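One structure below.
Order of listing sets the numbers, starting from 1, for every ligand and every atom in it. This one's a predicted model, so the numbers in the text were calculated from it and none came from an experiment.
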Amino acid sequence: MTYTTLTEAQQEQWAIDGYLVLKNVLSKKKVQTLIREINRLYRKHVTRNAHPANGMDRRNLLPDSDVFIQLMDHPALFDLILHLMGPYIQLSMAEAIVRVPNPDFKGYIHTDGGPAMRHIRVTETSWPLQIKIQYFLTDVTGPNQGNFTLFPGSHLRPFPEGDKPITPDTPGAIQLNANAGDAAIFAHSLWHGVSPNHSKRARKTLIYCYSQMCFRPFDFQNQPPEILDKCTPRQRRLLGDVGENARAAAYFYSPRDQAELMAGQKPKRRKRKAAG
Ligand SMILES: O=C(O)CCC(=O)C(=O)O
């Protein structure tokens with residue numbers, strides 16, 4: 001299913017709760033392809049080198065497979081991202097997560113950016129500073145299965161920050177259920193994290209994070225030319241290539257073709273001013 005905008009009810013939930021769950025965003029075939037790639041990365045980077053009970057948090061995924069490059073502006077959600085954030089955005093992070101069954105893992109809760117960004121809470125009429133999309137690639141159908149866990153509404157108000165850490169058991173926590181192919185979108189200041197996984201199955205997801213262009217990306221400084229060469233002009237821009245617009249401050253005063261490029265339109269050729 002392709003999402004381009006939000007219904008009134010979704011808009012209200014986004015504003016009040018700070019997150020949304022969108023159903024059937026990825027096809028079964030796409031889910032299978034992505035799972036295959038994640039399993040390959042798991043075999044390569046975890047099973048042989050570490051204790052499997054650690055699961056996997058693999059960042060900066062784009063060099064790992066072209067399917068991860070394609071997902072950065074996948075038609076199912078990209079128009080919705082533009083609707084929520086405006087066109088002056090970049091990709092900040094692409095991460096594969098495997099939460100394996102582990103009786104000792106208690107889960108954790110945090111806000112993105114930690115104390116540095118925790119106290120910045122934009123209002124509901126503002127573009128977000130950052131959003132993350134969590135793509136679910138396995139079903140999570142009951143509690144304590146490595147569920148994405150969040151505190152609705154916590155993005156807008158100071159959350160008690162006492163001596164007691166905030167955990168998946170803190171009152172107000174919701175453990176989301178989701179099916180493979182669904183996605184959750186959430187704001188940076190929402191308290192969120194993961195529940196323990198007491199099931200028999202690993203939970204597999206992907207996180208794609210978008211931020212306003214004036215931020216530094218989370219996962220990388222720059223993408224190397226061999227990755228940029230595989231990208232469309234829009235994808236290159238999402239990775240920080242401002243092309244012929246390159247100049248100091250191009251990330252603050254965005255290139256003139258930014259909105260049309262993000263909308264998928266071919267940038268118009270602008271006439272050069274005659275010299276003199
Ligand atoms: O669902 C998870 O595994 C946690 C993801 C998370 O907390 C994050 O991406 O910031």
Side-chain angles (χ1 to χ4, degrees), residues 17-22 25-26 31 34-35 38 41-42 45-46 52-62 68 71-72 77 81 91-102 104-118 120-121 128-152 154-155 159 165-170 172-199 201-211 215-220:
D17 292 340
Y19 77 97
L20 286 171
V21 178
L22 303 169
V25 163
L26 299 177
V31 168
L34 292 165
I35 284 271
I38 291 182
L41 293 175
Y42 191 84
H45 297 288
V46 181
N54 289 340
M56 181 172 82
D57 282 89
R58 180 152 178 91
R59 297 239 160 87
N60 194 16
L61 272 189
L62 303 191
F68 297 136
L71 201 57
M72 88 174 100
L77 280 188
I81 295 165
L91 185 79
S92 179
M93 169 198 287
E95 178 185 10
I97 305 181
V98 179
R99 303 282 181 216
V100 294
N102 179 351
D104 299 327
F105 178 62
K106 304 268 183 287
Y108 66 84
I109 298 294
H110 66 290
T111 51
D112 287 333
M117 283 174 65
R118 182 167 303 157
I120 305 174
R121 303 178 201 95
L129 298 178
Q130 172 192 291
I131 64 167
K132 276 185 181 167
I133 300 178
Q134 170 125 256
Y135 291 102
F136 297 93
L137 304 177
T138 50
D139 294 339
V140 181
T141 52
N144 293 327
Q145 299 184 7
N147 309 58
F148 183 46
T149 301
L150 44 83
F151 291 77
S154 59
H155 64 308
F159 211 70
I166 297 167
T167 73
D169 294 324
T170 301
I174 287 187
Q175 294 193 16
L176 288 187
N177 289 339
N179 294 114
D182 296 346
I185 302 190
F186 57 101
H188 86 275
S189 53
L190 188 77
W191 285 86
H192 68 275
V194 59
S195 79
N197 187 353
H198 297 158
S199 77
R201 288 186 71 193
R203 189 217 70 181
K204 298 176 187 175
T205 61
L206 288 167
I207 297 260
Y208 276 62
C209 174
Y210 302 83
S211 62
F215 276 41
R216 290 189 198 184
F218 185 94
D219 254 358
F220 52 87

Identify, for [atom], the protein heavy atom at the shortest distance, and state residue, atom and that distance.
atom                   : result
atom 7 (O) of ligand 1 : His110 CE1, 2.8 Å
atom 8 (C) of ligand 1 : Lys132 NZ, 3.4 Å
atom 4 (C) of ligand 1 : Arg99 NH2, 3.7 Å

Classify the contact between Asp112 and ligand 1 as side chain, backbone, both or neither, using a heavy-atom distance cut-off of under 4.0 Å. side chain

Between Asp17 (side chain) and Tyr19 (backbone), is there a donor-acceptor pair under 3.5 Å? no

Which ligand 1 atoms does [X] reach within 4.0 Å, using its non-hydrogen atoms?
X      : value
Phe148 : 1 (O)
Gly193 : 1 (O), 4 (C), 7 (O)
Ile207 : 9 (O)

Quick one: do Arg99 and Asp57 make a salt bridge, cutoff under 4.0 Å? yes

Which of these, Leu91, Ile81, Ile185, sits in a side chain to side chain contact (heavy atoms under 4.5 Å, CB included) with Tyr208? Leu91

Applying ring-ring contact (aromatic ring centres under 6.0 Å, His included) to Tyr108 and not counting sequence neighbours gives His110

Could you pull out all residues at least two apart from His188 that satisfy ring-ring contact (aromatic ring centres under 6.0 Å, His included)? none

Tell me yes or no: between the side chains of Thr111 and Arg118, is some donor less than 3.5 Å from an acceptor? yes

